[in-house]
Amino acid sequence: MDPAEQNNSPNHVGIIMDGNGRWAQARGLGRSEGHRAGAEPVRVILKAAHKHKVRFLTLYTFSTENWSRSDLEVNNLFSLLVEYIDSETLELLRSGVRLVAMGDLDRLPPQALKALRQAEEITSKNTDLVLTLALSYGSRSELTQAAKTLAIDAKESRLDPNSITQHSLLERMWSAKLPDLDLLIRTGGEKRISNFLLWHLAYAELFFTDTLWPDFGEADFLAALNDFKARKRRFGRTD
Ligand code: IPE
Ligand code: IPE
Ligand code: MG
């Protein structure tokens, strides 16, 4: 059955969009062509998520660890990002999508950061769906900097260490405004998390597919939603 007809779609879907390099390699193309081809599924899946009443879609776009790729690949990825934002912002605005960038954003090339900030501003009033791009993002860096600000606040007496709760840490994280993940999809065949949203993944349902990101389409997304729908979530309780 089409999950759009039901009211039980996941509230927050995260996607580790993996496999662009292998997609290109299989066609005798350079890695940059794989990344370019990866923009189309972003458009398709965003539309499908919207249609299926997903309220938060978080895309793992560039990890902290991806900084160790070649300068050529990194520069190419950020120019593609700027191209994507330039061509899509008005469509995001029109379709009710709010764009948010999350991660260690000070490391981004200034041009990319500027484009992101503009798109965030332009779409800031939209409420249908929050599209979060995780950029220069890694959960361990995020948790470490959150712990650091917690320690500084305690040292400077803005916070009583005995009053620290889970929320105290969460509110200092880059991902503070995101709800828990309900469904995580990873394309490209690897069955790992690669430092993505470790906190919010605590009770997420995981869906792995061999499909490479540039080949991932609406039918694949629907298959993941249907799979999610069939899961029995217990959150540590009994039935
Ligand atoms: C995902 O595809 C995109 C990013 C990590 C930026 P990859 O570039 O990791 O593609 P593979 O895993 O080498 O095929
Ligand atoms: C995860 O993919 C990061 C993104 C999709 C942005 P990677 O290709 O970097 O992950 P590993 O290296 O296979 O774990
Ligand atoms: Mg990869």
Side-chain angles (χ1 to χ4, degrees), residues 12-46 49 56-85 87-88 99-109 111-113 115-116 130-144 173-175 178 181 183-201 204-217 220-221 224:
H12 184 189
V13 177
I15 308 185
I16 302 176
M17 307 180 290
D18 197 22
N20 296 351
R22 280 163 283 163
W23 183 92
Q25 197 180 21
R27 286 162 180 74
L29 302 169
R31 297 182 60 83
S32 62
E33 291 310 311
H35 296 313
R36 181 171 288 284
E40 183 56 17
V42 171
R43 289 184 199 100
V44 172
I45 300 313
L46 175 62
F56 292 85
L57 178 68
T58 303
L59 302 179
Y60 205 7
T61 309
F62 190 85
S63 75
T64 326
E65 290 68 28
N66 290 150
W67 285 115
S68 50
R69 295 191 179 192
S70 73
D71 287 351
L72 185 72
E73 181 163 352
V74 170
N75 291 337
N76 172 251
L77 278 164
F78 284 107
S79 31
L80 285 170
L81 175 71
V82 173
E83 257 184 57
Y84 173 84
I85 292 168
S87 70
E88 296 303 308
L99 181 103
V100 175
M102 171 190 78
D104 191 359
L105 301 177
D106 291 339
R107 291 184 73 178
L108 262 50
Q111 210 196 346
L113 188 57
L116 284 162
V130 178
L131 170 66
T132 304
L133 302 183
L135 285 158
S136 187
Y137 177 85
S139 281
R140 288 183 173 181
S141 302
E142 171 179 50
L143 287 163
T144 305
M173 285 160 57
W174 300 321
S175 54
L178 290 176
L181 259 180
L183 171 64
L184 174 80
I185 299 170
R186 182 174 187 141
T187 63
E190 313 294 356
K191 294 184 179 63
R192 55 178 172 250
I193 301 303
S194 302
N195 207 11
F196 185 51
L197 287 176
L198 297 181
W199 181 283
H200 294 75
L201 271 164
E205 298 297 327
L206 309 180
F207 183 90
F208 297 102
T209 170
D210 288 339
T211 304
L212 303 172
W213 177 250
D215 291 329
F216 193 78
D220 302 286
F221 186 68

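Whatever order the structure lists ligands and atoms in, that order sets their numbers, starting from 1.
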Next item on the list: Go through Leu178 and Met173 one step at a time and tell me if the side-chain contact (heavy atoms from CB on, under 4.5 Å) criterion holds.
Entry: CA-CA 10 Å; Leu178 290 176; Met173 285 160 57; over 6 Å; no
Item checked: Verdict with supporting geometry, Glu33 and Arg27, side-chain contact (heavy atoms from CB on, under 4.5 Å) -> CA-CA 10 Å; Glu33 291 310 311; Arg27 286 162 180 74; over 6 Å; no
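Ligand 2 is approached by Arg186 to a heavy-atom distance shorter than 4.0 Å. Note on ligand 1: Gly19 sits in its first shell, one or more heavy atoms being nearer than 4.0 Å. Residue contacts with ligand 2: Glu65 is excluded, as none of its non-hydrogen atoms falls under 4.0 Å.
Residue Tyr60 places no N or O, backbone or side chain, under 3.5 Å from any N or O of ligand 2. Ligand 1 has an N or O atom lying under 3.5 Å from an N or O atom of Arg31, backbone or side chain. Taking any N or O of Asn66, backbone or side chain, none lies under 3.5 Å from an N or O belonging to ligand 1. Where the criterion is an N or O separation shorter than 3.5 Å, residue side chain and backbone included, Arg192 meets it with respect to ligand 2.
Taking a 6.0 Å sphere around CD of Glu65, one finds it holds more than 12 heavy atoms contributed by other residues, nucleotides or ligands. In the displayed structure, Arg22 atom CZ is contacted under 6.0 Å by more than 12 heavy atoms of other residues, nucleotides or ligands. Within a 6.0 Å sphere centred on CZ of Arg43, other residues, nucleotides and ligands contribute more than 12 heavy atoms. For Gln25, the CD atom sits in a loose shell: 12 or fewer heavy atoms of surrounding residues, nucleotides or ligands are nearer than 6.0 Å.
The shortest contact between atom 1 (C) of ligand 1 and any protein heavy atom is with Met17 O, 3.0 Å. Atom 10 (O) of ligand 1 has Gly21 N, 2.9 Å as its closest protein atom, hydrogens excluded (heavy atom only). Shortest contact from atom 7 (P) of ligand 1 to any protein heavy atom: Asp18 OD1, 3.5 Å. Thr61 O, 3.6 Å is the protein heavy atom nearest to atom 6 (C) of ligand 1. At the top of the distance list for atom 14 (O) of ligand 2, counting protein heavy atoms only, stands Ser194 OG, 2.6 Å.
For atom 12 (O) of ligand 2, the protein comes within 4.0 Å by no heavy atom at all.
Taking CZ from Arg107 and CZ from Phe62, the interatomic distance works out to 8.0 Å, rounded to the nearest 0.5 Å.
The residue from Gln25, Arg69, Glu73 that puts a heavy atom closest to atom 8 (O) of ligand 1 is Arg69.
Proximity of Leu212 to ligand 1, defined as any heavy-atom pair under 4.0 Å, is not found for any part of the residue. At a 4.0 Å heavy-atom cut-off, ligand 2 touches Phe62 through the backbone alone.
Each of Leu135, Thr61, Leu197, Leu133 was compared with Met102 under the side-chain contact (heavy atoms from CB on, under 4.5 Å) criterion, and only Leu197 meets it. Checking each of Ile193, Asn195, Thr64 against Ser139 for a side-chain contact (heavy atoms from CB on, under 4.5 Å) leaves exactly one that passes, namely Asn195.
Residues Met17 and Pro41 have side chains not in contact (no heavy-atom distance under 4.5 Å, counting atoms from C-beta outward). Residues Phe216 and Ile185 have side chains in contact (heavy-atom distance under 4.5 Å, counting atoms from C-beta outward).
One side chain, Ser136 or Trp67, offers a donor N or O that lies under 3.5 Å from an acceptor on the other. Under 3.5 Å, the side chains of Arg186 and Ser194 contain a donor-acceptor pair of N or O atoms.
Proximity of a side-chain donor or acceptor of Trp213 to a complementary backbone N or O of Gly38 within less than 3.5 Å is detected.
Each of the atoms 11 (P), 12 (O), 14 (O) of ligand 1 lies under 4.0 Å from some heavy atom of Arg22. Within ligand 1, counting atoms from 1 as listed, the ones closer than 4.0 Å to a heavy atom of His35 are 3 (C), 8 (O).
Atoms of the protein (N, O or S only) found under 2.8 Å from the Mg ion (ligand 3) are Asp18 OD1.
Note: Tyr60 and Phe196 have parallel aromatic rings, judged against thresholds of 30 and 60 degrees for the angle between ring planes.
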